[in-house]
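Down below is the structure, laid out as structure tokens.
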2 protein chains.
Amino acid sequence: MANRQRSRSAETRQAILSAAGELFAERGYDGVTMREIARAAGCSHTAIYLYFKDKEALLHELAVGPLTALEAELAAALGDVGLTPAERVRAMGRRFIRFGLTHRNSYHVLMMARAGRVDEEEPDLAVNALRNRLFALLRRGIAAMLPDGTPDERVLAYSRVVFFHVHGIVETYRLSEEAVPALLARLGSTFELSLDVLLAGIERTAAAEAQRGGSRREG
Amino acid sequence: MANRQRSRSAETRQAILSAAGELFAERGYDGVTMREIARAAGCSHTAIYLYFKDKEALLHELAVGPLTALEAELAAALGDVGLTPAERVRAMGRRFIRFGLTHRNSYHVLMMARAGRVDEEEPDLAVNALRNRLFALLRRGIAAMLPDGTPDERVLAYSRVVFFHVHGIVETYRLSEEAVPALLARLGSTFELSLDVLLAGIERTAAAEAQRGGSRREG
DNA sequence: ATCGGTTACTAACCACCGGTTACAATATAA
DNA sequence: TTATATTGTAACCGGTGGTTAGTAACCGAT
């Protein structure tokens, strides 16, 4: 049987993936060359192209796992019935921030996936679908904390606001040399304050909006 | 006299700067090569190294002007006595966002300037000083809208929160293909909502904090 | 046992990058 | 006119991501 060849191939593929994962995490996507990955994986750099279309495809494949895990985390936060709607959004924000700081390369893939690619095939689509699902989870969380009957368009707007905020936090420290635990020890309370401000602001603004809308409907 | 040479040299230098400015704005720093800049400037790529240490120094020199203009804009917003403190912070946020979206490369320089460089000389320091001054302006704006007697440490924390937010907006659309006017037409009201949420959240959170602090002091 | 085809892989190469060096042309000062 | 800066370039360096032509090992079938 062809098991011998098959497993050899799978091992090489896995070695490439592991090596690339470690190196990307250590020094970032641009800071790592295909030759380095190959050296760490114990093959020539051309062998990588047998298993992955190009460097970016390698990164994409590495990102899908963590991103799927993030999706599960956000879904869990969204479904936590022991929390108020606002607390659920806070939990989602916290997890999103922690994820972004921990899996910097995966986060980058998530953000940089071009929305409207035509010429590509699978991997970009997978990431795009993932991104849409993540944003949908966020929207559901936001919708639950807004007054009943808030129109979809407003839910979308508030979701964007939340995204801007947490994305800003992640981006601010994405390239920091500081390890995540140290970063959270130093700035965790600032991040919490940030979420405080965000949620309080949404509640207040949305309430004012609802009141305006209500009185306008009455008048 | 040496005017002939001097002006020739100045012209070449300026041609390089103009070409690089246009190309960077069009296709981004990484998307442009020194050879392209040289071609557009009408010289060989090695000539660029006569006037600029390296590609990054070219970008830095291009960024100093716009960043200084931003500083003036923020200072003007901060000094606008016709506005309430919160409105002044809103004006600063608006200008910061517009700047970030309009001068994407300069913005990038501002954000990426490594804080603690040892081996570098002038240009990095200039950008760093600029960044510190910009953040100081923001802090003064925030301090004015917080309750009297808010400790510096809290002012800093709230300033970070504001920065996270506006930075998140800029980062979200930094790589968008959309032109700035189109972007603002489509999302300007979302950005305004975002600033609404941010300012309302700060006021509410800071008030709650002050009350806690006050009652604690009283008790 | 061996032969043909598939699989797994690589050496050599491509065009290009940012940056350096050794050298030519020209304008200026003496 | 001659010596010296100034201004510029061609050729090169080590490196990149990626391609291609070719090889060695394995596999199933005769």
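These numbers come from a predicted model, not from an experiment. Computed from heavy atoms alone, side chains included, the values below leave out hydrogens, waters and symmetry copies. Here is how names work: the chains are called A, B, and so on, in the same order as the sequence lines, proteins then strands, and each is numbered from 1.
- The CG atom of A:Asp54 sits 9 Å away from the C1' atom of D:dG18 (whole-angstrom rounding).
- At whole-Å resolution of the value, OH in B:Tyr49 and P in C:dT21 are 13 Å apart.
- The interatomic distance linking B:Lys55 (NZ) with C:dC17 (P) rounds to 9 Å, in whole Å.
- At the phosphate of D:dT7, OP1 or OP2 sits under 4.0 Å from a side-chain N or O atom of B:Ser9.
- Atom NE2 of A:His45 is separated from atom P of D:dG17 by 8 Å (rounded to the nearest Å).
- When distances are taken from the side chain of B:Thr12 to each of C:dC9, C:dG19, D:dG8, the shortest belongs to D:dG8.
- Rounded to a whole Å, the CD atom of A:Glu11 is 15 Å from the C1' atom of C:dC9.
- Per the geometry, CG belonging to B:Leu58 stands 11 Å off P belonging to C:dG18, to the nearest Å.
- C:dG18 atom P lies 11 Å from atom CZ of B:Arg39, rounded to whole Å.
- Using a 4.0 Å cut-off between a side-chain N of Lys or Arg and a carboxylate O of Asp or Glu, A:Arg98 and A:Glu73 do not qualify as a salt bridge.
- Summary of the strand contacts: A:Thr46 and A:Glu36 both lie near DNA chain D, and taking for each the nucleotide with the nearest heavy atom, the more 5' one is attributed to A:Glu36.
- The pair B:Glu171-B:Arg174 meets the salt-bridge criterion, since a charged nitrogen lies less than 4.0 angstrom from a carboxylate oxygen.
- Within the 4.5 Å cutoff, no side-chain heavy atoms of A:Tyr107 are placed close to those of A:Leu70.
- Note on A:Thr33: only backbone sugar-phosphate atoms sit closer than 4.0 angstrom, heavy atoms only; bases stay farther off.
- Residues A:Arg90 and A:Glu87 are not paired through a salt bridge, judged by the lack of any N-O separation under 4.0 Å between the basic side chain and the carboxylate.
- Among the atoms of the strands shown, only primed sugar atoms or phosphate atoms (P, OP1, OP2) are found under 4.0 Å from some heavy atom of A:Tyr51.
- Rounded to whole Å, the distance from CZ on B:Arg35 to C1' on C:dC17 is 6 Å.
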